[in-house]
Amino acid sequence: MVFALERDPSLYYLLFQGEEITDGSAVAIKCADLSPCVHSVDGEDVHVGGCVHSLAWDPSGERMAIIFTDDSPGSELVAVFRTRLSPILELLPGGFVRGRHGELPVSIQFHTQGLEGTLLAVAWNSGRISFVLHRFTQCPVLPEVTSLSHQYNSNYTELFSI
C-alpha cells in the first residue's frame, strides 16, 4: 500500500506480509520525496512537486500517477511514475501529462482490462476528460508512452517525459 499524508510532500509504503495483518507491527517506510524541484524538459524548466492531492496506481503495479495540491508548483500537471514491486518498491520518473492552458487535473484513474498496458483517465477542472495509453514492454529499456486523447471540445493533451 502506498499513501501520502496531508501536509507532507512524501509517499510512504506499507508492506503487508500474507493475507492479513494480525499484530499491527507493520511499519510505513518513506519511499519518495516529492518536494518541489525543477526539471529541464525539451529546454523548458518545469517546476513540480509538493503535497499530494490524489494518487492512482494501476492494477498491474506498473504505473502510478500523482496530482499535486493547488498550492504546489506544477499543480497543472499529472506526474507519472513507472513502478516495480519486486524485490522492493521502486518509483522511477516517467513523465508528465498536461492539459490545455489553465486546466488543472481534478481526478485520475487507471483502467487495464483488455489492454497490453494501462489507460490513464484524467478529469480536468474544465469538465474535459483525456486518456493516456501506457504500453508495457518486456525489454529492459524504458517503455514508450503514447498519448491518446478523447475530448469533447479540443484535441490537446500534452505528455512529455523527463
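As the structure is a prediction and not an experimental result, all values here were calculated from the model.
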For this session: For residues V132 and V80, determine if any side-chain heavy atom of one lies less than 4.5 Å from a side-chain heavy atom of the other.
Result: no

Exercise. Tell me, do D58 and H134 make a side-chain contact under 4.5 Å, heavy atoms counted?
Worked result: no

For this session: Answer with yes or no whether the hydrophobic clustering places L14 together with L5; edges join I, L, V, M, F, W, Y residues whose side-chain heavy atoms lie under 4.5 Å apart.
Result: yes

Exercise. Could you give the distance from NE2 (H111) to CG (L119), rounded to the nearest 0.5 Å?
Worked result: 7.0 Å

Exercise. Counting only N and O atoms by type, is there a donor-acceptor contact under 3.5 Å from the side chain of N125 to the main-chain atoms of L104?
Worked result: yes

Problem set entry | Co-membership, hydrophobic cluster, residues V106 and V48, 4.5 Å side-chain | no

Exercise. Just by modelled atom types, is the E62 backbone N or O under 3.5 Å from a matching donor or acceptor in the R82 side chain?
Worked result: no

Seminar exercise, completed: Closest non-hydrogen atoms of A65 and V78, given as atom of the first, atom of the second and distance, are CB-CG1, 3.9 Å

Problem set entry | Side chain T83, main chain G61, donor-acceptor under 3.5 Å | yes

Problem set entry | Point-to-point distance, once rounded to the nearest 0.5 Å, from CD of E76 to CG of D70 | 10.5 Å

For this session: Taking all non-hydrogen atoms of both residues into account, name the closest pair between S72 and C51 and its distance.
Result: OG-N, 3.4 Å

Exercise. CD1/I129 to CD/Q109 distance, rounded to the nearest 0.5 angstrom?
Worked result: 12.0 Å

Exercise. For W57 and R63, which heavy atoms make the closest approach, and how far apart are they?
Worked result: CD1-O, 2.9 Å

Exercise. Does any N or O in the side chain of S40 come within less than 3.5 Å of the main-chain N or O of D45, such that one atom is a donor and the other an acceptor?
Worked result: no

Seminar exercise, completed: Sorted by chain and number, sequence neighbours left out, side-chain hydrogen bond (donor to acceptor under 3.5 Å, both in side chains) with S107 holds for none

Exercise. Distance from I66 atom CD1 to L91 atom CG, nearest 0.5 Å?
Worked result: 7.0 Å

For this session: Search all heavy atoms of A79 against all heavy atoms of F96 and return the closest pair with its distance.
Result: CA-CD2, 3.9 Å

Problem set entry | Nearest non-hydrogen partners of W124 and R98, listed with the distance | CH2-C, 3.7 Å

Problem set entry | In one Ile/Leu/Val/Met/Phe/Trp/Tyr side-chain cluster, 4.5 Å: Y13, F81 | yes

For this session: Could you note down all residue pairs passing salt bridge (Lys or Arg N to Asp or Glu O under 4.0 Å) where residues 83-95 supplies at least one of them, sequence neighbours left out?
Result: R84-E90

Seminar exercise, completed: Residues passing the side-chain hydrogen bond (donor to acceptor under 3.5 Å, both in side chains) test with D8, sequence neighbours excluded, are S10, Y12

Exercise. Which atom names give the shortest non-hydrogen contact between L89 and C31, and what distance separates them?
Worked result: CD2-SG, 3.8 Å

For this session: To the nearest 0.5 Å, tell me how far T118 OG1 sits from M64 CE.
Result: 12.5 Å

